[in-house]
Amino acid sequence: MDRKMNINEKEWQEFWKKEGVFKTENTSEKPKFYCLDMFPYPSGEGLHVGHPRGYVATDVLSHYKRMRSYNVLHPMGWDAFGLPAENHAIKTGTHPRKAIEENIKRSKEQLGKMGLSYDWDREINTTDPEYFKWTQWIFLRMFKEGLAYEDTLPINWCPSCKTGLANEEVVSGLCERCDAGVEKKNIRQWVLRITEYADRLLDDLEELEWPEPIKEMQRNWIGRSEGAIIEFSVPDFRASVEVFTTRPDTLFGATFLVLSPEHSLVAEVLKRGEEIENINEIKDYVERAKNKSDLERTDLSKEKEGVEIKGLVAVNPLSGERVPVWVADYVLGFYGKGGIMSVPAHDERDYQMAAKYGLKIREFVKGGDLPYEGEGKMVNSGEFSGMDSQKGREKVVDRLEEEKKGRRAVNYKLRDWVFSRQRYWGEPMPIVFCEECCDRIKRYRSDIMEYKDAQGSTFDIEGFQYNIGELRNPGWISMQEDDLPLALPEVEKYEPTGTGESPLALQKEWLSTVCPKCGNEAKRETNTMPQWAGSCWYYLAYVMKGESETLEFPISRYKERFKEWMPVDIYVGGAEHAVLHLLYARFWHKFLYDVGAVPTKEPFLKLKNQGLIMGEGGIKMSKSKGNVISPDEVIEKYGADVLRLYEMFLGSFEDDVAWSEDGVNGMRRFLDKVWTLSEKVGDTKKDDHMENSLHKTIKKVTDDIENFKFNTAISALMSLGNEMKERRSIQREAFEDYIKLLSPFVPHFCEELWRKIGNKPSVFYNEWPQFKEEKAKDTLVTLVVQVNGKVRSQMEVESGTNKEDVQERAKKEVEKWIKEKKVKKTVFVKDKLINFVTE
RNA sequence: GCCGAGGUGGUGGAACUGGUAUACACGCGGCACUCAAAAUGCCGUGGGCCCAAGCCCGUGCGGGUUCGAAUCCCGCCCUCGGCACCA
């Protein structure tokens, strides 16, 4: 038999576009459904076969929702700032914008070929000045509210990308982008106070319908831990050291203190020098620690080592015990107070340290072999002895608080977001540095600090109004909102300088400007924003585009739109952004909520992560292995519908799956079969059995699409197809419903088939088939007959038949297994089984 | 080490709140069509024993609960993902 199917997919794509079949309605009585994909970076290689998996899923869902009379927002755009385009520019000398334009064109073509039903009128591009003026605006708002600060600190530096990185961009000591080993470098940075939102970012996870692993990763990343800060006095220095601990109940067991090499008291010790007998040893050790890379310093396999500060003693605030003080680099300078009380009996790390240097190890919590980290009865702990450690924990802190020697405290692993990059291809930061203002603010700074909690207001200094951000970062002045966007200047060289400054620093003309506050000479900030900035709010831009085609100030004009569309109902993308984009975007969104710009606390209500598509044989697809499959090849050979269907049928949406060419072919065979079925459509008499199967399938497909179980939805459709094949003829209405059920998966094919059986396009103008429960009911069911839980026989009975009515008949069915035994119990499950239990 | 997900035929994978394990597909084998091949159609396909009817065993391993366990409980093993000296 020849293949009768010959579908011009392009023609349908043009038809949809011309007719605006999938355009989002700007005003609508219908309920809304916001269905969002993580927008791609338009790379030079185009898409591979893994990308469309999520896009097809959201497309299926969008089609389905439209047919259920939702007004669906299903947009697409481009996350186009970032290193690949810039590196390409460095190599070829062409402007990154050029490469980006070409890549977008190519990627858009690829998406177009797949027949995805995006509303392209709302397309956005993060590198478009109309777009990034808003990215700059949000940053500016954060700056003004005091959420951005300038700091010179040792940050993660990628020597290959020649830029600083955020904590989240370092993956086990390596650069997330290029896998180069990350170094520590002291550079001036802009940092966003994401830690101020730590609790809300943590608590609000509860209300999100996200995959549990992603939520857990965010919880761990935020890493909230409750405990206490305890003060040990250091009489020799007339000073004190504060330490953070989650186990104040073990305070009596603190047999020494350990400070990180970065600790201020260590610096003090080095300054005082002569009073400490082993000063040179300490100096050496601190110097060595400083030169260690993060990777070396956090290497768990190495032995803990440190140096005692000889002659220095600290006093335990409760026991009064005098304990030695050590410096060791297993204690981190940036966490807690940069120093710890060491309890070798009840902490694995402290135990190792104590064992190595022969320090005191004494048990304070009974419970197991040392080191014992669990709970138990407190011992050797003065008045607290005998208490349960959990209770004792509270009592110890109560006492410390009474004596003003400590307090309850919470610590986070989350650190503030290093937000500036020393590269060209990113959003310029909309702030300038003015010497005059700097001096002016510094003259008054001590007064100002008293007002530091009064956020949101401005302060008058010599007739100039300064906002909190400006006061906290003396000299840095916000640009006027009306002057946004601040465009990227054209440059000769895109090469990063590697000195900690971006190539913008060489653009003398662009660099110098006038202070928007006092009119004196000023210089622009030359760092740019990180990759992640533009994706922190793009889901809002799509909504804004429904109000005005260009994105215009002020934000308040979009208020109603946001109320209408937020939050995003379903967000689909890869799991690799668990603590990057998904955390950053939540942070920005919460800020926008706080300033009254958006009506919801969270941007993305529901999240689904698609699994990876591996190459044939389950090997990861990669250019170097040469096993990358492009959607273009597949579409060329089989058509977009086959590709779409296969991507959805392949396996469970959230699991990793392996690509198989044979499997693709199977999808084509299925569509061929369905095509052939259409020839049997006619005015045949009512077919109850078929109707029953149809309604079961409607239910199954509907539920499965709602739950992202596309693979089983398709298998249900295949089963129904197989059943139709058995028929000599198929009722028209049944076949039409069948096409509708199939249409979200294979839109071109279904349009063609819809027309072939004599209907007017588009099939998508139709309502989704209505499920009728009474039609899906079975009159006959198969009842399984078991003996002692083993299936021995089965029988057809009318559905709803009672135990009494089948019992005797069933017994006969399995007589040979029970005849010599006594049935002591009979278990009956209606419409399912009857089980005879013998002695 | 800690946290999370998961181990089901030759393969991808189904199985609702415990109720016929292996749906749907791929592959493979046989047959039909054909000069032949491809395509297509039909039949078969977890393992073992058996002429057969039938029986036994089977969801990573070992126990348990239950009339009945892939599903629940306890103890292990393995794979993948994340975090990694966070006190």
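Here is how names work: the chains are called A, B, and so on, in the same order as the sequence lines, proteins then strands, and each is numbered from 1.
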With the criterion being N/O to N/O and under 3.5 Å, what pairs connect the protein with nucleotides 22-32 of chain B, and how long is each?
{"from": "B:rA25", "atom 1": "OP1", "to": "A:Asn722", "atom 2": "ND2", "distance (Å)": "3.1"}
{"from": "B:rC26", "atom 1": "OP1", "to": "A:Arg669", "atom 2": "NE", "distance (Å)": "3.2"}
{"from": "B:rC26", "atom 1": "OP1", "to": "A:Arg669", "atom 2": "NH2", "distance (Å)": "2.7"}
{"from": "B:rG27", "atom 1": "OP2", "to": "A:Arg669", "atom 2": "NH2", "distance (Å)": "3.1"}

Checklist entry - Among all residues two or more places apart in sequence or in another chain, which pass the side-chain hydrogen bond (donor to acceptor under 3.5 Å, both in side chains) test with A:Glu661? => result A:Lys637, A:Tyr638
Residue list, ring-ring contact (aromatic ring centres under 6.0 Å, His included) with [X], at least two apart or on another chain:
| X | answer |
| --- | --- |
| A:Trp659 | A:Tyr646 |
| A:Phe334 | none |
| A:Phe745 | none |
| A:Phe708 | A:Phe653, A:Phe710 |

Checklist entry - Looking at RNA chain B, which of residues 242-249 of chain A put a heavy atom within less than 4.0 Å of it? => result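 Heavy-atom contacts with RNA chain B come from A:Phe244, A:Thr245, A:Thr246.
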Listed pairs, N/O of protein and of nucleotides 65-69 of chain B, under 3.5 Å:
{"from": "B:rC67", "atom 1": "OP1", "to": "A:Lys825", "atom 2": "NZ", "distance (Å)": "3.3"}
{"from": "B:rC67", "atom 1": "O2'", "to": "A:Asn835", "atom 2": "ND2", "distance (Å)": "3.4"}
{"from": "B:rC67", "atom 1": "O2", "to": "A:Asn835", "atom 2": "ND2", "distance (Å)": "2.4"}

Item to check | salt bridge (charged side-chain N to carboxylate O under 4.0 Å, His left out) against A:Glu796, all qualifying residues, sequence neighbours excluded | outcome: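 Scan of A:Glu796 (salt bridge (charged side-chain N to carboxylate O under 4.0 Å, His left out), adjacent residues dropped) gives none.
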Checklist entry - Base, backbone or nothing for each nucleotide of nucleotides 42-47 of chain B, written B, S, -, heavy atoms under 4.0 angstrom, 5' to 3'? => result S-----
Checklist outcome for this item: Encoded 5' to 3' (Watson-Crick or G-U under 3.5 Å; [ ] crossing; | other strand), RNA chain B becomes (((((((..(((......[....)))((((((.......))))))((((....))))..(((((..]....))))))))))))....
Item to check | For A:Asn802, side-chain contact (heavy atoms from CB on, under 4.5 Å) partners two or more places apart | outcome: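 In terms of side-chain contact (heavy atoms from CB on, under 4.5 Å), with neighbours along the sequence ignored, A:Asn802 is linked to A:Glu804, A:Asp805, A:Lys830.
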